[in-house]
**Student:** 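Shown below is the structure under consideration.
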Amino acid sequence: MPELDHIHIRLLGPIQIEHNGQPIGRLESRKALGLLCYLCSQGKPVSRQELAGLFWGDKSESRGRGNLSRVLHNIGQELPNCLEADRRAVHFRGDERLWMDTVQMERLARSDQLHSLAAATELFRGDFLEDLGLDDCPEFDLWLTTEREEWRRRVGQIYTTLIEHHTGRGEYELALRQVNRLLALEPWQEEAHRQKMLLLHLSGQRSAALAHYERSKRVLAEQLNVAPSLETESLRQQIEELNDALTSTLRPAQPRLPLLERGEPHTWLVQQWEAARRGTGKLTLLEGP
């Protein structure tokens, strides 16, 4: 029995296109690669006029259409039967043969299951079409910039959902992992810096929380040429004073953080932890739920 034909495409991060488990051969140009990726991402027929204008807008209509036909033939040789084309439009077939990371990520992101959201973030290896740009195709580059911003926004929303979930359950290390990924994606996001400060504090790392405030201050100055907001400064001050009532710095405020009603005992415990880190700790016993 012949092996089932399949196509595997990754567009989030460095572009990877495989046919039956093997990378496709070299397309005739980066413009051909851009055209293929554009068709993949549309999920619907695209007119030949639009494609010619997008990639050969500086040519005459007849020249642009001729170049388009040649490149479509090249794509068809590398990925047989993947294109449906007539005189008016071209469609990349998204049938059962095709696995594409953007489609999978959209499906997983619609789920309310935590494991599905976590799996969605694993598909994000970097910016949309990270290693592609066409200086002589300004309309394509404009579309590409918009798509990259949109995919960053989508994955950022998933990170935020995971952060809120883990924080609400007191899973601070897991929440910190997602905050770090969010800050790697959007280092200028001041609210994420506050979340990291708070999570470090709640996990008993007061010194690290204050150190991150200094780092966030440098990042905001470099990225946005601004100083930390009053909200961030207030959080820093509360951490310095070992104030446990810090959940107001997270939005949304629900679910409430554990230990919210036990500010004094928690402050005392953090002080004991800091003393232990300095080598002057004592035995501490906990009792109760």
Side-chain angles (χ1 to χ4, degrees), residues 11-15 102 105 109 117 120-121 123-167 172-254 257:
L11 303 180
L12 298 172
I15 301 168
T102 52
M105 185 172 173
L117 297 178
T121 66
L123 292 173
F124 189 82
R125 300 170 300 122
D127 272 332
F128 180 74
L129 307 187
E130 181 177 87
D131 48 356
L132 183 65
L134 300 175
D135 294 338
D136 60 341
C137 302
E139 293 298 321
F140 174 81
D141 268 2
L142 178 60
W143 169 82
L144 184 56
T145 298
T146 302
E147 286 294 304
R148 285 173 176 167
E149 292 175 352
E150 174 62 17
W151 282 105
R152 278 173 169 262
R153 184 192 65 79
R154 291 180 184 181
V155 75
Q157 286 182 333
I158 300 174
Y159 287 147
T160 298
T161 299
L162 292 172
I163 292 164
E164 291 169 356
H165 173 86
H166 291 308
T167 300
Y172 302 138
E173 290 301 320
L174 293 175
L176 277 168
R177 189 180 307 169
Q178 299 300 334
V179 167
N180 287 334
R181 298 179 73 179
L182 178 56
L183 286 172
L185 182 70
E186 298 180 343
W188 55 84
Q189 190 179 125
E190 188 174 3
E191 185 172 351
H193 285 291
R194 286 197 298 272
Q195 287 174 314
K196 183 168 182 177
M197 290 167 60
L198 178 61
L199 288 164
L200 287 169
H201 169 69
L202 292 177
S203 60
Q205 303 177 66
R206 176 174 172 269
S207 298
L210 295 174
H212 186 74
Y213 162 79
E214 297 296 337
R215 181 180 182 277
S216 69
K217 185 177 180 179
R218 292 193 299 271
V219 170
L220 292 172
E222 294 168 0
Q223 297 275 343
L224 302 176
N225 195 30
V226 299
S229 66
L230 292 177
E231 191 172 0
T232 301
E233 291 290 356
S234 175
L235 176 59
R236 174 193 58 78
Q237 183 177 358
Q238 291 180 74
I239 291 175
E240 286 182 339
E241 296 172 356
L242 289 176
N243 183 352
D244 188 51
L246 298 175
T247 54
S248 61
T249 61
L250 283 177
R251 285 195 292 268
Q254 298 295 332
L257 297 181

**Student:** Measure the CD1-CG distance between Ile239 and Leu198 for me, rounded to the nearest 0.5 Å.
**Tutor:**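 Nearest 0.5 Å value for the CD1-CG distance: 6.5 Å.
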**Student:** Mark yes or no for whether Ser203, through its side chain, and Leu199, through its backbone, hold a donor-acceptor pair below 3.5 Å.
**Tutor:**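 Yes; judged by distance alone, with no hydrogens or angles, the pair exists.
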**Student:** Suppose the criterion is salt bridge (Lys or Arg N to Asp or Glu O under 4.0 Å): which pairs have a residue in residues 144-162, not counting sequence neighbours?
**Tutor:** Glu106-Arg154, Asp127-Arg152, Glu150-Arg153, Glu150-Arg154
**Student:** Please list, chain by chain and in numerical order, all residues satisfying side chain to side chain donor-acceptor pair (under 3.5 Å) with Thr232, sequence neighbours excluded.
**Tutor:** Glu190, Arg194, Ser229
**Student:** Please state whether the rings of Phe128 and Trp151 are parallel, tilted or perpendicular, taking 30° and 60° as the class boundaries.
**Tutor:**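 Answer is parallel, since the angle falls under 30°.
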**Student:** What residues, two or more places apart in sequence or in another chain, satisfy ring-ring contact (aromatic ring centres under 6.0 Å, His included) together with Trp188?
**Tutor:** none
**Student:** Quick one: list whatever passes side-chain contact (heavy atoms from CB on, under 4.5 Å) with Ala192, sequence neighbours left out.
**Tutor:** Leu182, Leu183, Gln189, Gln195
**Student:** Closest heavy-atom contact between Pro187 and Val219?
**Tutor:**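 For Pro187 versus Val219, the nearest heavy atoms are O-CG1, 3.1 Å.
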**Student:** With sequence neighbours left out, what residues match Asp136 under salt bridge (Lys or Arg N to Asp or Glu O under 4.0 Å)?
**Tutor:** Lys31
**Student:** Rounded to the nearest 0.5 Å, what separation is found between the CD1 atom of Ile15 and the CG atom of Leu132?
**Tutor:** 4.5 Å
**Student:** Does anything in residues 206-233 form a ring-ring contact (aromatic ring centres under 6.0 Å, His included)? List the pairs, not counting sequence neighbours.
**Tutor:** His193-His212
**Student:** So which pairs with a foot in residues 208-224 pass salt bridge (Lys or Arg N to Asp or Glu O under 4.0 Å), sequence neighbours left out?
**Tutor:** none
**Student:** For Leu117, enumerate each residue passing the side-chain contact (heavy atoms from CB on, under 4.5 Å) test, keeping only those at least two apart in sequence or located in another chain.
**Tutor:**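 Counting only residues at least two positions away or on another chain, Leu117 forms a side-chain contact (heavy atoms from CB on, under 4.5 Å) with Ile158, Thr161, Leu162.
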**Student:** Checking Asn180 now: which residues fulfil side chain to side chain donor-acceptor pair (under 3.5 Å) with it, not counting sequence neighbours?
**Tutor:** Lys196
**Student:** Side chain to side chain contact (heavy atoms under 4.5 Å, CB included) for Val155 and Arg181? Distances and angles first, verdict last.
**Tutor:** CA-CA 10 Å; Val155 75; Arg181 298 179 73 179; over 6 Å; no
**Student:** Quick check: closest heavy atoms across Tyr172 and Thr167, and the distance to 0.1 Å?
**Tutor:** CE2-O, 4.0 Å
**Student:** Can you sort out the partners of Tyr159 under ring-ring contact (aromatic ring centres under 6.0 Å, His included), two or more places apart, ordered by chain and number?
**Tutor:** none
**Student:** Just to verify, what does Pro14 make a side-chain contact (heavy atoms from CB on, under 4.5 Å) with, not counting sequence neighbours?
**Tutor:**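 Per chain and number, Pro14 pairs via side-chain contact (heavy atoms from CB on, under 4.5 Å) with Arg125, Glu130, Asp131.
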**Student:** Between CE of Met197 and CG of Leu210, what distance do you get to the nearest 0.5 Å?
**Tutor:** 7.0 Å
**Student:** If I compare all heavy atoms of Ala109 with all of Ala120, which pair ends up nearest, and what's the gap?
**Tutor:** N-CB, 4.3 Å
**Student:** Closest approach of Leu123 and Leu12, non-hydrogen atoms and distance?
**Tutor:** O-CB, 3.8 Å
**Student:** Taking salt bridge (Lys or Arg N to Asp or Glu O under 4.0 Å) as the test, write out the residues that go with Arg236, two or more places apart.
**Tutor:**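 In terms of salt bridge (Lys or Arg N to Asp or Glu O under 4.0 Å), with neighbours along the sequence ignored, Arg236 is linked to Glu233, Glu240.
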